[in-house]
Structures are given as structure tokens and as C-alpha cells.
There are 2 protein chains.
Amino acid sequence: MSRRGQPNLATPGRRQMILEAALACFDETGVAATTIEQIRDRAGCSIGSLYHHFGGKEGVASALFIDGISDLNAGLLRRLDDCSNAEQGVRTCVLHYADWVTRQPELARFLVHAREINFAPEARAELKAIYQRHFGAVFTWFGRFVLRGDMKQLPPETYIPIISGPIEDYARLWLSGRTRTPLVEVSEVFAEAAWNAVRAR
Amino acid sequence: MSRRGQPNLATPGRRQMILEAALACFDETGVAATTIEQIRDRAGCSIGSLYHHFGGKEGVASALFIDGISDLNAGLLRRLDDCSNAEQGVRTCVLHYADWVTRQPELARFLVHAREINFAPEARAELKAIYQRHFGAVFTWFGRFVLRGDMKQLPPETYIPIISGPIEDYARLWLSGRTRTPLVEVSEVFAEAAWNAVRAR
DNA sequence: CATATTATAGAATCAAATTCTAATCTAAAT
DNA sequence: ATTTAGATTAGAATTTGATTCTATAATATG
């Protein structure tokens, strides 16, 4: 510390430590209910440090959200690269989501509850850019299969809800502990349903 | 009032007035960001009165949520009564949701953001009972069509995400203003997709 | 090595949530 | 009609948590 004579500590990893502490708190207590104090305690830092890096609880949440969504998106694009037809692509969208959520349930739980975050304008803008880039890439990937007649031609903004809506809905259910059946045990069902919903016939 | 000499006002409709004021505030400002004070101002009541009826902001939100979800559920069961086959039933689930959201977007926006509410244990229990009753009725309704082979046999907990997930996902999109195309213009697409996902073939 | 910038610290301040006590109203019982 | 118990309203007082502020230490830069 400064005023009280302790030395400053842990500069390099401080940001990351705060993010990890915050995620743990959010997961245990919920975003709305966790206090700055709880995060501070867990991260072992001062209030000043926390505000310096993130400007408050909502800044921490924004950073966490952007990191998480970026990782999720990047993973999907990598896996789409290995797909060579529409059915594989659609299945991959569903299965990747299920895998990702299963591998990092805390982060997934946070992302899913993220509606409650009051993003600052800059974070909002950054997110918008991220989404545009990502969905742009995804639509480019699928576009040829629609043109080729392998997939139904639908209003563009309906593809994502139809393909990803069910698995995301079920993931919320599983993450909240209201169903016993693990995601991976039903993800094939959702992949199949998604393909049936969008395949040309 | 009591201490300051004004008389008490508006006993009968006070609960309802508070709920309406709260919904308006939540819709304009978001649940997390609206203060008790704002609700109090809008409802024209005292802090004491608000706490007496609801025990705080989260109590108001719980009551609003339970009222809303009950109305939504009741409406679906009424409309299912008029259906005589599986396809009609599945389509009705989708179309009813779209209609309901279109008719009361403020309440729908609130329900959709309800993940952020920290329900008190009693509210949680009440909600659980409501869901059990409702989904019990819905599953009873659909059960015969699965047995009869009109619909696919799937893990029970996957039907709701598959049928309702996409329209709910799109409704969130529309309610948040990120898409121009109104729900009713695409609800047929979602009804069709839902039926294709669960029909036996 | 001087200086600027960044990071840390925690006290001080500010705002909102919640509690508490008292007044008023309503309805039931006599 | 009066009394009384419970419900409702009121807002001041208190508590809690968020945010700001100033100071100190570390680090990077010329």
C-alpha cells in the first residue's frame, strides 16, 4: 500500500486475478448480489486498484463477458474450418456450444446471465463490433450452402435462433441445476433437431 | 401519512399501482438500475408502504414475474384446448408466445430479463409449483401424440427447448430492439421449424 | 538519475437500501 | 356506536455498499 506503508504488490497479474475472483463471486452469489468488497477480498487487492483497472463492478463484468464471448466465438470458427458440408456445419454449431459450456460451466453461467450487465457505451460498442465480425464470418461460411439449396432459404435473422436457440435454452437449464441430464448426453438430439429444422427437403 | 399529518391514501389499489410503476421503471431503466425511490415516486406511495407490501425491490420484481408468467401459461393452455393434433399443438406453442410478447412487450421484456432477479425462497418455491403444474399439463396434452407416433420420442426435457427455444431467442432479439422485423412476421417460420424438428417422419 | 506514468492503497464521501417507530385507517366484535 | 386488533401508510434514522479522492510506491522513459 501507499499511505499505510505496505509496498505495492502483484502488478503484473493483478488484472487477471481480479477477473478470476470476480467470476468466482459472480458464480457463487450472482452478479447483482456480489459486492465490490467481496471481489476485493477474494482478489486480495485494494478498492483503488480495482477501480483503477476496471472502473467498478460493471467494468469487471464487461471485461469478463468480452473475454468469454470472444473465446466461444473463436472456437466455433476454428471448428467450422474443418467442416465441409451444411449438415456438419449446423451440427458443429450445436456441439461446439455444448462442449464449450461443459468445459467451463462457471464462465458459461456468467455469460448466460449477462443480460443483467449494464455495459458502458464503449463496452457496448466493442461487443457490437465483435458480434458483427463473428456473425459475418458465420454467415459467409453458411451462405454457399443456402445458395446451393442444401439448406432452407429463411429470413436471415431466424437462422441463429433456430439452430442455436434450443441448445442455449437447455444449457441454461443445465447450468442452473434444474436438470440432471448432462449437456453432452443430449447434444446429439439438439444437433439432429437443428439440422431437421433448416435442411432443405 | 401518519407522523406528518397527511391522511393515508389509496389502500385498495396500492399494490397494483406499485406493480405498474415498477414495471414502467424496470422497462425504462432496467431492473438493476431502478431505485426504490424511482418506484416510490412513480407509484406515489411511501417507502414504508412499498416495503410493507413487497419487502423491497426484489419482492416487487418477484410478484410481477409470477403474475406475468401465470398469464402467459394460462393463455397457452386455453389455446391448446382448441387444438386437435400434434402439429396444431406445436404451432400453437410458438404462435401463442409470439402473440403474447407482441401484445405486452413491456411485461415480456421484463420476464425475459428476469434471470437477474434474486427470488426469495418463497417466491422460488411458488414459481417451481407453477412450472410443475403448467408443464405437467402441457406434457399430458402432448403425451398421446408421442405415444401415437405423430411426434418423435425424445428425452423429455428436450421438447421445450426445441419447440420454444428459437421463438424465445428471437423474441429477446426483437424486444431489445436489435432487429427490425416484427415477431408476427417471422412467427410462422419458427412454427414451421419447430414442427419439422419434432415431427415423426 | 530525474521525471512521467502507472499501479496500489485506503480514508472520505455519497447514494441507495433497509429498518424502525408512529400515525392512521378498516373491519370485526361487542 | 365504541372498542379493539390488525393492516396500511408514512417518513426519519440507520446501515450498507458504491464511488471518489488524495497520497504513496513502483516502473518505465529520456
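Here is the naming used below: chain letters follow the sequence lines, and residue numbers restart at 1 for every chain.
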Salt bridge A:Arg42-A:Glu28, side-chain N to carboxylate O under 4.0 Å: yes
Over how many whole Å does the gap from A:Ile39 atom CD1 to D:dT19 atom P extend? 11 Å
Sorted by chain and number, sequence neighbours left out, side-chain contact (heavy atoms from CB on, under 4.5 Å) with A:Val184 holds for A:Asp99, A:Thr102, A:Pro182
Does OP1 or OP2 of C:dA9 have a side-chain N or O of A:Arg14 closer than 4.0 Å? yes
What is the distance from CE of A:Met17 to C1' of C:dT8, rounded to the nearest Å? 13 Å
Under a 4.0 Å threshold between the charged nitrogen and the carboxylate oxygen, would B:Glu157 count as salt-bridged to A:Arg180? no
Considering only NZ, NE, NH1 and NH2 on the basic side and carboxylate oxygens on the acidic side, decide whether B:Arg40 and B:Glu37 come within less than 4.0 Å. yes
Going by ring pair (Phe, Tyr, Trp, His ring centres under 6.0 Å), name the residues that satisfy it together with A:Tyr131, two or more places apart in sequence or in a different chain. A:Phe135
Whole angstrom is fine here: how far is it from CZ in A:Arg40 over to P in C:dA9? 9 Å
Side-chain N or O of A:Ser49 closer than 4.0 Å to phosphate OP1/OP2 of C:dT8: yes
Should A:His53 be listed as having a side-chain N or O under 4.0 Å from OP1 or OP2 of C:dT6? no
Any chance the side chains of A:Trp141 and A:Asp81 put a donor and an acceptor closer than 3.5 Å? no
Report the nucleotide, chosen from C:dT8, C:dA9, D:dA10, that has the shortest atom-to-atom distance to any side-chain atom of A:His52. C:dT8
Protein-nucleotides 14-18 of chain C N/O pairs closer than 3.5 Å?
residue	atom	partner	partner atom	Å
C:dA17	OP2	B:Ile36	N	3.1
C:dT18	OP2	B:Tyr51	OH	3.2

Mind calculating the distance between CZ (B:Phe54) and P (D:dA7) to the nearest angstrom? 16 Å
